[in-house]
Participant: 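What follows is a single structure, and I will ask about it in a moment.
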Amino acid sequence: MSVKIYNTLTRKKEPFHPLEKGHIKLYVCGITSYDYCHIGHARSALAFDMIVRYFRYLDYKVTYIRNFTDIDDKIIARAAEQNTSTEELANRFIDEFYIDMDKLGVDRPTMEPKATEHIQEMIDLISELIDKDMAYAANGDVYYRVGSFAEYGKLSGRRLEDMQAGARIQINENKDDPMDFVLWKASKPGEPNWKSPWGDGRPGWHIECSAMSRKYLGDTFDIHGGGQDLIFPHHENELAQSEAATSKPYVNMWIHHGFVTIRDEKMSKSLGNFLTIRDILSHYHPEVLRFFIFSTQYRNPLDFSEEAMQNAMTGLDRLYECIATVEGMRDDFSTQSKQIASAKDITKLTSIKERFQKAMNNDFNTALAQGVLFESAKVMNKISRQIDKQPCQSDYDLLTTAAATIIKLASIMGILQEKADKYLAAKKAAMLEQIEISEDEILQLIKERNHARDEKNWSQSDEIRDRLLAHNIELNDGATGTGWSIKKD
RNA sequence: GGCGGCGUAGCCAAGCGGCUAAGGCACUGGUCUGCAAAACCAUGAUUCAGCGGUUCAAAUCCGCUCGCCGCCUCCA
């Protein structure tokens, strides 16, 4: 059973097989480093983190390259504003990026090349294109001759004629054709620049990915990924450059993820409706953001709202509570106890892995995979609540194995990775800080209330409970005593 | 104007030609409880934006209409 992936190039879901058996070569467009990252960047990093983790779970070797664009117009402009160098600015925000990624628990790619460290490779590639007459130099700039690449537009499904009709194309008298795009830009005075056969200048945006992917992954590799906004022009142009230079297919499979939206509009700086990763992580546990991001399939738009985050948190807590209950089970079983799990329950719980993989094999359908986790938790809760004191061996084994399986599978999405009791305790402690009552006070009041309850003094008992409720503390009277929790809004 | 995507219960979200249209949140009833909370059980779309068509069979394929979104300029 192979993984099926939606390929932007063919607009179909296709079974995926790497060129080299057992070894996947993946290139993903990373950030342009000039500002803090927002949730959209988080979605990109997390989507590919999940994809790589899933491939590795399936025992593939994955070589994962994600670049940093550390020179471009925006970086130059921002550096000038801040009176600093492009290098300092780019490196500063790369450091900030790592802070966010580490908090989110995103695994590092195999390599993270920077554009400015691959100038020579880009110059070499541009020279090859000029030699083949696919590119031309003009006044210190170098342009790609779009019209000479017959398949131009095949990735984004555009035809040159259509684009020219309605496009806002900058007038540039250096270009032979308005659709030609820049490979090398002559530098203006004071701008960062590198020596080249065409004079001092700097690379265009698209060429870096062609040069770096070729260096680290070869002329043809398995998967190239990025956000849907990169399909055109970035990936279209990359493809055109690389295939023109090598005369080989550039990439077999193109993966593009959807946007994060707010009130159904794309999150973007120009609209001012973006939230940074650190904004979110100051209010929510990183796993809540991960849970939220994986609550829909990666290609669909994902609408951000506080309500959706609360929803994600509730769902994550539910899974943690289920695991905590199983882990809190007395770890000795009894030969006296009867088996509670039905044949149907056993089937459900022994097929978790299979059902989860089936979901993931269908174009990384994390939404469906989360459904498998919830269904499993429900069955486990059902069994757990019926166990009286000690489980029988078969139930004990079934539940502990199921919990371990869920934790393992959830690690692909990077959720449920904390010890369940610690996660729940930490959450309680964090929420306790927000209300004006200490744990000691709560425990004291519970003690008083239980005393009243022993005397069947219900009015006093309820009065104490209401007093705690005023502080958002909910009580739960169980067989082993009275517990408390913070009430959700 | 060109290209692409989406429209499934109050909300989120699976479904990719054929088993009762997953799952979560919310709501309601029940079990449990002194009363609650949590958990569990039960309950909700004769129907998948609308209209036609293909098929023995369509939410799933095709066409048209309506609505929303994205790309065509930097953008995850």
Side-chain angles (χ1 to χ4, degrees), chain A residues 4 6 8 11-13 28-32 34 37-48 69 72-74 77 153 156-159 161-170 205 225-234 236 256-261 264-270 274 291-292 295-297 299-303 305 307-308 310-312 314-315 318-319 321-322 325 355 359 362-363 365-379 381-386 453 456-459 461-462 465-466 469 473-479 482-485 487:
Chain A
K4 280 203 292 184
Y6 182 88
T8 308
R11 291 185 193 78
K12 280 198 292 264
K13 266 188 214 173
V28 174
C29 290
I31 58 161
T32 297
Y34 72 104
C37 288
H38 57 63
I39 320 177
H41 298 109
R43 186 180 196 188
S44 178
L46 289 172
F48 290 105
T69 298
D72 90 323
D73 292 347
K74 291 189 296 295
S156 56
R158 288 156 211 265
R159 292 180 309 171
E161 315 84 82
D162 294 339
M163 285 189 282
Q164 285 168 27
R168 290 164 269 180
I169 298 165
Q170 280 185 345
W205 175 34
Q228 278 168 359
D229 49 357
L230 297 182
I231 297 171
F232 190 90
H234 184 53
E236 190 70 61
H256 292 99
H257 66 261
F259 302 124
V260 178
T261 60
D264 293 324
E265 278 190 320
K266 181 181 170 184
M267 189 178 286
S268 74
K269 302 215 162 157
S270 51
F274 66 95
F291 191 94
F292 165 68
S295 67
T296 188
Q297 205 264 354
R299 280 188 290 121
N300 295 142
L302 176 63
D303 200 47
S305 65
E307 193 193 349
Q310 287 293 334
N311 219 313
T314 305
R318 181 176 163 83
L319 295 176
E321 269 158 22
C322 167
T325 303
R355 289 183 290 131
N362 185 6
D363 201 19
N365 195 334
T366 51
L368 186 57
Q370 285 187 349
V372 173
L373 300 183
F374 279 117
E375 269 184 279
S376 309
K378 188 166 196 162
V379 174
N381 284 337
K382 190 177 82 178
I383 297 168
S384 294
R385 72 181 280 275
Q386 288 178 74
R453 290 175 75 218
K456 300 207 189 297
N457 185 348
W458 306 129
S459 61
S461 160
D462 288 353
R465 193 180 60 202
D466 290 344
L469 202 56
I473 302 291
E474 272 179 344
L475 299 181
N476 51 324
D477 300 320
T482 300
W484 62 274
S485 58
K487 195 180 165 197

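Every chain is numbered from 1 and lettered A, B, ... according to where its sequence line falls, protein lines coming before strand lines. The figures that follow rest on heavy atoms only: side chains count, while hydrogens, waters and symmetry mates do not.
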Participant: Any protein N or O atoms within reach of nucleotides 25-27 of chain B? Criterion: under 3.5 Å, listing atom names and distances.
Facilitator:
| from | atom 1 | to | atom 2 | distance (Å) |
| --- | --- | --- | --- | --- |
| B:C25 | O4' | A:Asn311 | OD1 | 3.2 |

Participant: I'd like to check the side chain to side chain donor-acceptor pair (under 3.5 Å) partners of A:Ser268; sequence neighbours left out, ordered by chain and number.
Facilitator: A:Ser270
Participant: Between the protein and nucleotides 3-7 of chain B, which nitrogen or oxygen pairs are less than 3.5 angstrom apart?
Facilitator:
| from | atom 1 | to | atom 2 | distance (Å) |
| --- | --- | --- | --- | --- |
| B:C3 | O2' | A:Ser156 | O | 3.4 |
| B:C3 | O2' | A:Gly157 | O | 3.2 |

Participant: When rounded to the nearest Å, what value does the distance between C1' atoms of B:A9 and B:U47 take?
Facilitator: 10 Å
Participant: Among the nucleotides B:A76, B:C74, B:A39, which one has an atom lying closest to any side-chain atom of A:Pro233?
Facilitator: B:C74
Participant: Of the options B:A36, B:A13, B:G23, whose atoms approach the side-chain atoms of A:Arg465 most closely?
Facilitator: B:A36
Participant: Could you work out which one of B:G24, B:A14, B:C71 sits closest to the side chain of A:Gln297?
Facilitator: B:A14
Participant: Using a 3.5 Å limit on both distances, find every run of at least three consecutive Watson-Crick or G-U pairs that involves RNA chain B.
Facilitator: B:1-7 with B:66-72, B:10-12 with B:23-25, B:28-31 with B:39-42, B:49-53 with B:61-65
Participant: Sequence neighbours left out, what passes salt bridge (Lys or Arg N to Asp or Glu O under 4.0 Å) with A:Arg158? Give chain and number order.
Facilitator: none
Participant: Hey, does the side-chain of A:Lys382 have a donor or acceptor N/O within less than 3.5 Å of a partner on the base of B:C40?
Facilitator: no
Participant: Look only at the side chain of A:Gln370 and the backbone of A:Phe291, and say whether a donor-acceptor pair between them is shorter than 3.5 Å.
Facilitator: yes
Participant: Among B:A22, B:A76, B:G15, which nucleotide has an atom closest to any side-chain atom of A:Asn362?
Facilitator: B:G15
Participant: So does A:Gly225 get a backbone contact from the side chain of A:His256, meaning a donor-acceptor N/O pair under 3.5 Å?
Facilitator: no
Participant: Spell out, as yes or no, whether a donor-acceptor pair under 3.5 Å connects the side chain of A:Asn381 to the backbone of A:Cys322.
Facilitator: no
Participant: Distance check, C1' atoms only: B:G1 and B:U46, in whole angstrom units.
Facilitator: 43 Å
Participant: Is it the case that the side chain of A:Glu236 and the backbone of A:Gly153 share a donor-acceptor pair, with hydrogens and angles ignored and the cut-off at 3.5 Å?
Facilitator: yes
Participant: With the side chain counted from C-beta on, respond yes when A:Gln297 and A:Thr366 share a heavy-atom pair under 4.5 Å apart, and no when they do not.
Facilitator: no
Participant: Looking at A:Asn457, is its backbone amide N or carbonyl O close enough to the side chain of A:Ser461 to form a donor-acceptor pair, meaning the two atoms are under 3.5 Å apart?
Facilitator: no
Participant: Kindly say whether, by distance alone, the side chain of A:Asp477 makes a donor-acceptor pair under 3.5 Å with the base of B:C35?
Facilitator: yes
Participant: Distance between the P atoms of B:G18 and B:A57, in whole angstroms?
Facilitator: 14 Å
Participant: For A:Leu319 and B:G24, give me the distance from atom CG to atom C1', rounded to whole Å.
Facilitator: 10 Å
Participant: Are more than 12 heavy atoms, taken from residues, nucleotides or ligands other than A:Gln386, located less than 6.0 Å from that residue's CD atom?
Facilitator: yes
Participant: Counting side-chain heavy atoms from CB outward, which of B:A14, B:A76, B:C40 is closest to A:Arg385?
Facilitator: B:C40
Participant: Verify, without hydrogens or angle tests, whether A:Ser44 (side chain) and A:His41 (backbone) share a donor-acceptor contact under 3.5 angstrom.
Facilitator: no
Participant: Base of B:G15, side chain of A:Asn365 - is there a donor-acceptor contact under 3.5 Å?
Facilitator: no
Participant: For nucleotides 60-64 of chain B, give me every protein contact, N/O to N/O, under 3.5 Å, one pair per line with atom names.
Facilitator:
none

